Structure formats: structure tokens, C-alpha cells
Protein chains: 2
Amino acid sequence: MNLNQKYQHRMSSKRIKLVRADQTPLSNKEVLISQKKHKFLFGCGAFDSIPLMNGEFQGEDQKFMEERFEKWLALFNAATMPFYWGGFEPERGKPKTKPMMKAVEWLKENGVEVKGHPLCWHTNTAPWLLDLSNEEILKVQLERIHRDVTDFKGKIDMWDVINEVVIMPIFDKYDNGITRICKDKGRIGLIREVFAAAKEANPNAILLLNDFNTSISYEILIDGCLEAGIPIDVIGIQSHQHQGYWGLEKTHEVLERYSHFGLPIHFTENTLISGSLMPPEIEDLNDFQVEEWPTTPEGEERQAREVVQMYQTLFEHPSVEAITTWNIVDGKWLKAPAGFLRKDNSSKPAYDELLKLIKQEWWTTKNLVTDAEGYINVSGFKGDYEVITGDCKGQFTLDRKDETETIIIL
Amino acid sequence: MNLNQKYQHRMSSKRIKLVRADQTPLSNKEVLISQKKHKFLFGCGAFDSIPLMNGEFQGEDQKFMEERFEKWLALFNAATMPFYWGGFEPERGKPKTKPMMKAVEWLKENGVEVKGHPLCWHTNTAPWLLDLSNEEILKVQLERIHRDVTDFKGKIDMWDVINEVVIMPIFDKYDNGITRICKDKGRIGLIREVFAAAKEANPNAILLLNDFNTSISYEILIDGCLEAGIPIDVIGIQSHQHQGYWGLEKTHEVLERYSHFGLPIHFTENTLISGSLMPPEIEDLNDFQVEEWPTTPEGEERQAREVVQMYQTLFEHPSVEAITTWNIVDGKWLKAPAGFLRKDNSSKPAYDELLKLIKQEWWTTKNLVTDAEGYINVSGFKGDYEVITGDCKGQFTLDRKDETETIIIL
């Protein structure tokens, strides 16, 4: 099968014995195998879950946001949550832990994996750092990591530890505490400190280095970190394509260069535009400030094609373990029409096409019949499954190959 | 004094007592203080000393080359010698150690510091590496370092250990053994191995990392090496300005970014052109292949101005400890008119102007009178000196400040 070959690394198989509560085998029974969740992380920003879960929307607005999140949950299984220091702790000593916790717990209840983003970054960092000495800035940065990683342990076990370090010490748009300490300690010196703090606070967390820079500078930075023994679990690559789709060539090239390290890769911030593109001469995406940036019918068709090709390309590559769409809806970061939903919550073609890929083409549902001893052989996309017969159900997971398992059907 | 302020880090002072062989002080005597050598390394390639010292030139040719080296020795105090593996050991197991040794010994006798360049590089490497497995290539690369560093210990105690690592694993002009192992081990992994081998063979040698890349990629590479504990003594920066003089702004910017590491900086390969410039659209200097590349009168005037400003700028910066002109004569690498001599050995303005800087403006010669107890207070540019009175002489060195020394005048 072509599909099986192309996505072999996404699939697994298992021999399963189905038994009743009294351990007697469920012999010669028709059963339905139904996938419930992907192992692969199809992620999206879920920032709006904080106001939604904390009663900040009223009446129609709340309904509207609930509808939006219904569509969110139908497509995605992983959320990126905003831990920008400036927003999370605008006043020193008063972190917004509680409202964040409410949202995170709601996402977890809905089967969503949650990642915190980011623990250290020069942009949107706490403005009150500017009043401190470099020694104090580093101290409170590490304390902040200890506090937040500890507070959310078991709920958030995946962190963008530090963001955009390639430019961090030479960032010169405005003074900020993090650029100051990065200049002081050097890039890798700072990465070492923040990763050590995160690791100490949650030894089992998955820790990412994240950058938009995909040049050899980032490769060399990763090489340096790994040679210095820094416990990077995952390489994070941003892919904000406001100036146009990378295309197959660049995507393959980036995958080849970054898979070389033998670490998993997450595409942490993916955007593809459904309107006119940002002019190519603009270097920093943040410099493109517009009143409005409309989505267009032709743009939406193009976006759908590009989204499908990008997701297919990344899903095909064995090193990639996550793709995160930056915003589900248009008009968020830089007002870009980069959502899969329009502002009125209606689905763009990209949403429909991606839903087909994730929940149909890459999704396993099948009818099987147990043998005389109650066995079935299941193969399908890695993830969590239900097996159903009549009113009875059992659960299993497809992950590593060639396991055998006995499941009690209740 | 303006000169003293600008070059304070290049100067020192010492209180010296002059005595006769019988230890009686040389009281109230006029003495001449005469600088013999700079501490700062004014370097140049001296590749032609190998054929010259090994009888490869005859008659007029030999005389012509001797004249060239007279001018070389009048200006420079440091030589870069070619250890390109392909040329040094074209046939495996037959390194050209003997002819190299003759030239190195002759340079040392003439008071010249010698640096070997380079021990590992993807260009001009041994072609026979292509027949070996990656494991074997690394093994012979490290053996080669052990052998050559050991053979020349005490004569060459300064090495460009590895060259142009930023592009090493992505160099794709042709297959070569070094790119293969750099891909395999990673940039910093390979740097670690070659530096360890050089350090083991000669623990007192000064070991350089050298690159033409002055982007943040090289900064991050250095950061990574230092964080990984690799014993880099000096940061080597190439400055082949075939496409035009860097100018003050770029030079200052590079100095600021690279002095940040707190290591000495050597400008290892400096070229400034005295003809028409290489077109700006050419990315790799090696791609500009011309029949002839003439020096011009206007070009020579421009070159002289730029050489003077570049040397002044680098000599002013406390981190810089060496500047090496790549070729003394025109028509060598890429046929560029980058020499300080024309092909007929006649001096260009750059030669005359630089000689004035190095041997007059930055050079200390003065008459002093000893006091009743034989003391003089000497201050001047750091380096080696003679003190002369009548037919008698003594030697001293100006380096660290505020030392006191007794010198016997014989």
C-alpha cells in the first residue's frame, strides 16, 4: 500500500486479545476499531482558552468563542499556551498562574497536550527587568522558570525553554533584560542556565530550543549546545510564511539539515497566508504593520493547497513529531489572514482539507472479527484507540510495533 | 602625547641598571636605545622561502628571490608557512618535512616567528583521503597533526589548527575527505578532536581557529567551542578584501563582536588590492579566475591609504596581536595585485608607508644618559631592544610595565 509505505514510521501494529471481565475470551465477535487520538502532535495556539475559561466572554461572545473551540478541538490535539513573561507577570511577584491553570486543565480534560511558550525570550519580556542588575535579571529568570515549570508539572510537560537565541544578544530594537544577560553570558551560556533550571524543575519534561532562524547559524548553535551537554530534547523550528510558502525544496532542505542531529523536530509556529503576501523586502515580519489584511477566495485556495503539501511533507519525515498552526483564526498576530477559520468562525478550505487528512486519510477505523481465542491483529496510525462491540468498550494504544496485549472489554 | 595614548597598550616602560662585566655601574653615560623587533606580529606569507632555501632557484632567479626576501625581512617579523595537506603530503607517508624545516630554520635565524597553516581544511587536502573510510580519515588526520606539530615543536609553536569550519560540512564544490568527516562528527565535534591532537603534541603552542566568515555564524561557532571547553588560544579572522576595503565601520564592528570573547585576535590573511576590484556579485573569491589582474598607479595609491588605515585601526585595538599580509608580491593567489611589491620586486606605496609606520612611527629609538648609579628609565613600543654605548652592547625586552632589570653591557 502506498499510504503504508509513505507513512510507515507513523504506523504500528499489535496483536490484541479481547477478554470479558471474567477473563473469558471474546471469541468470533465483530468489533469496531476506532482511533481517538493521534500520537503525532497536530498543534495550535490556544491563547483564547484563558479568557474563555475565566468568564471573560459574555452571552453571544461566549457562544461564539465556544463554537471556535469546538472547531479547534475537532482538528487539533496539542495546544501552545502563552507564557510571555511580560504578559504572565506584568507586576513582579504576581504571576497569572490561576487563570492559566484553568485553561490548561480544561484543555487536558479534552485530551489536548499542552506546551508552554516560552520561558525565556527578549521580546514581550517583563519590563521591570530593566530596573535590575544583570546578576539579578538572571536570578529572577531562573526563579521564574523554577516556579512556572513546577506549578504546571503534570499538566504542562513540554516547554519552549528559550526562544530566538540566534538574534538574542544582537537584538537592538529596544533595550530589554534578556538581551542584556545574553550579551553577558553568551548565547550558549544562557541556554545552559535556562535549560538546567527547567530540567531541575521537571526532569521528565520535553524541553525545546526554538528559533525562526533556519540558517547555518542555528545549526551551529544547536551543535554548540549539544557539544556543551545541554539537554535539548527537541529542535523547534518556526515557519511563519508571511512572505510566501517555503515550497518543497526549502522544506526538504531544512528537514535534511536539522534531522542530522538525530533529535525530534517540532514545527512550532507554522503560518500560511490566505491573502496577499507580505512584501519580500521586509526583513523583520514585525515591521509589516497594516490596518487590515484581508483573506481572499484565491488566497484561501492557495493556502489550502500549501497547507496540505506542507503537512504531508512534514508528516512524511520521520524526524518530525509536531506541527503547530500559530492561530486558528485570522487577524491575530500582525493581523495576518493565517487562520484556518475566518474571523466569523467559518471554515476556510485549509480547515476542511486538513480535517480530511488528519481525521480520515491518516486516521484508522476498521471492523475486525476476533478469532476463536479472542485475538485480533490491529494495524493503523499510532495513537489511542477504542475497540467497541455492542455496548462494550476497551482502550488500547498503537505505538511500538509487535507488542501483544490483553484488553478487558467492559 | 597623542601617540602614547592611542597606542598605550602597545607600549611599556622599564627601569634598567646598566653595569659592566665586573658589576660596576655605567654611570653618567650617553647610551642609544634601539628597538630590534616588535612584540606585535607583523606577518606575511613566506611560502617561497621553501624553494629558496632548497636550491630550487638558480642564478638570476635566486638573486631576484633573495632581494624579495630582503624586503620581506625589512618589514615583517612573522611568517605563515603552508602546511596544506595536499601539497605537504601528496603521497601518503611521504611528508615534505625536510624542505619545510630548512625554510623554517632560516626564518627563525632571521628572528621571524613562524606559524603553520593549516592542520585541517577541506580545501587543498590530501586527495588520497577519498579512498579511506570516515573512521580512517579522522585517524590519519589526527596522526598528521601529531606528527607535524611534534616535528616542528620549538620552531613552529603557533598553528592555524583548523580552517573555515563554518562552511566545512556544507562545502559542495567537490568531494573531499575533510568535509566528509566534518559532516559526520559535526563542526564542533571535529574542532574538538583536532585541537586536542595539537594540544597533546605541543601543549605550549598557540592554537588558532581561523575563518573568513565574520557573520554571527562564526561567533556562535566560537561560543560553542569555548562552552565545550576547546582550548582555542586565538581567534583568527581572514580579511581578503578583493571586493573592496572593509572600511572603518565594518572593521570596528568585527573587532567589537570578536573581542567580546576576551581572546586575542589575529588578522590572519589580509589582502587589499591595488588594481580594479573583483565584482561584488561574486560570492566565492575563488570563482573570479582571470588571465591577468594588473596593478595600477591609482590602485596603488588607494591601496596605500587603505593599508595604512587598516593597520592603524588594528594596531589601535587592544585585542589584536597580529596582522598578516597574505602575499608580499602581486600575482599570487588568484593573480590578485594584493602585494606590497610589484612582480619585479619594486616597492609599491603601501610598502613604503607601512615600513614608515612599523619601523619609524611605531618604533622606539632614543638617546638617554644613565644616572650616577647607572640607571635609565626606558619607555617605548613593546619588543626587543639593544642598548649601545661606544662599542659595547646589551639586550632587553619591553613587555610588562614597571619591571626593573639589571643589564650587563659587554
Side-chain angles (χ1 to χ4, degrees), chain A residues 122 134 162 164-172 179-196 209 211-232 235 249-250 252-263 283-284, chain B residues 122 134 162 164-172 179-196 209 211-232 235 249-250 252-263 283-284:
Chain A
H122 50 272
N134 283 8
I162 187 164
E164 304 182 1
V165 186
V166 170
I167 61 160
M168 187 173 275
I170 55 170
F171 178 82
D172 60 2
T179 290
R180 286 188 194 169
I181 58 170
C182 192
K183 269 190 178 136
D184 226 41
K185 303 218 49 101
R187 291 176 178 87
I188 298 172
L190 182 58
I191 297 172
R192 188 201 292 279
E193 297 268 8
V194 294
F195 267 78
L209 187 69
D211 215 301
F212 69 87
N213 189 311
T214 57
S215 77
I216 57 171
S217 293
Y218 189 37
E219 276 181 84
I220 296 172
L221 183 70
I222 294 166
D223 190 15
C225 289
L226 297 178
E227 288 285 342
I230 297 171
I232 296 172
I235 296 169
E249 195 182 352
K250 176 167 176 182
H252 283 305
E253 185 231 306
V254 167
L255 286 169
E256 196 193 320
R257 290 195 289 114
Y258 287 91
S259 60
H260 176 77
F261 294 103
L263 288 176
E283 273 193 33
D284 184 335
Chain B
H122 50 272
N134 282 8
I162 186 164
E164 303 182 0
V165 187
V166 171
I167 61 161
M168 188 172 274
I170 54 170
F171 179 82
D172 60 1
T179 291
R180 288 189 195 169
I181 57 170
C182 193
K183 270 191 178 136
D184 226 39
K185 302 220 46 105
R187 290 176 178 89
I188 298 173
L190 182 58
I191 295 172
R192 189 200 291 278
E193 296 267 9
V194 295
F195 266 78
L209 186 69
D211 215 302
F212 69 87
N213 188 310
T214 57
S215 77
I216 57 170
S217 293
Y218 189 37
E219 277 182 83
I220 296 172
L221 184 69
I222 294 166
D223 189 15
C225 289
L226 297 178
E227 288 285 343
I230 297 170
I232 295 171
I235 296 168
E249 195 183 351
K250 173 165 178 182
H252 283 304
E253 183 232 305
V254 167
L255 285 169
E256 197 193 319
R257 289 194 290 114
Y258 287 92
S259 60
H260 177 78
F261 294 102
L263 288 175
E283 273 193 34
D284 184 334

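If you're wondering where the values come from, they're calculated on a predicted model, not measured in any experiment. Residue numbers start from 1 in every chain, and the chains themselves are labelled A, B, ... in the order their sequence lines are given, proteins ahead of strands.
The environment of B/Glu253 atom CD is dense: over 12 non-hydrogen atoms of other residues, nucleotides or ligands sit within 6.0 angstrom.
In this structure, CD1 in B/Ile188 is found 9.0 Å from CG in A/Leu226, a value given to the nearest 0.5 Å. Residue B/Ile191 holds its CD1 atom at 9.0 Å from CD of A/Glu227, rounded to the nearest 0.5 Å.
Interface residue A/Arg192: only side-chain heavy atoms are found under 4.5 Å from chain B. Within the 4.5 angstrom heavy-atom criterion, atoms from both the backbone and the side chain of A/Val166 approach chain B. A/Ile170 touches chain B through its side chain: at least one heavy atom from C-beta onward sits under 4.5 Å away, while N, CA, C and O do not.
Judged by distance alone, with hydrogens and angles left aside, the side-chain atoms of A/Asp223 form no donor-acceptor pair with the main-chain N or O of B/Gly186 at under 3.5 Å.
Looking at B/Arg187 and A/Ile216, their side chains come closer than 4.5 Å, going by heavy atoms from C-beta outward.
Looking only at heavy-atom pairs under 4.5 Å with chain A, the residue among B/Cys225, B/Ser215, B/Ser217 that has the most is B/Ser217.
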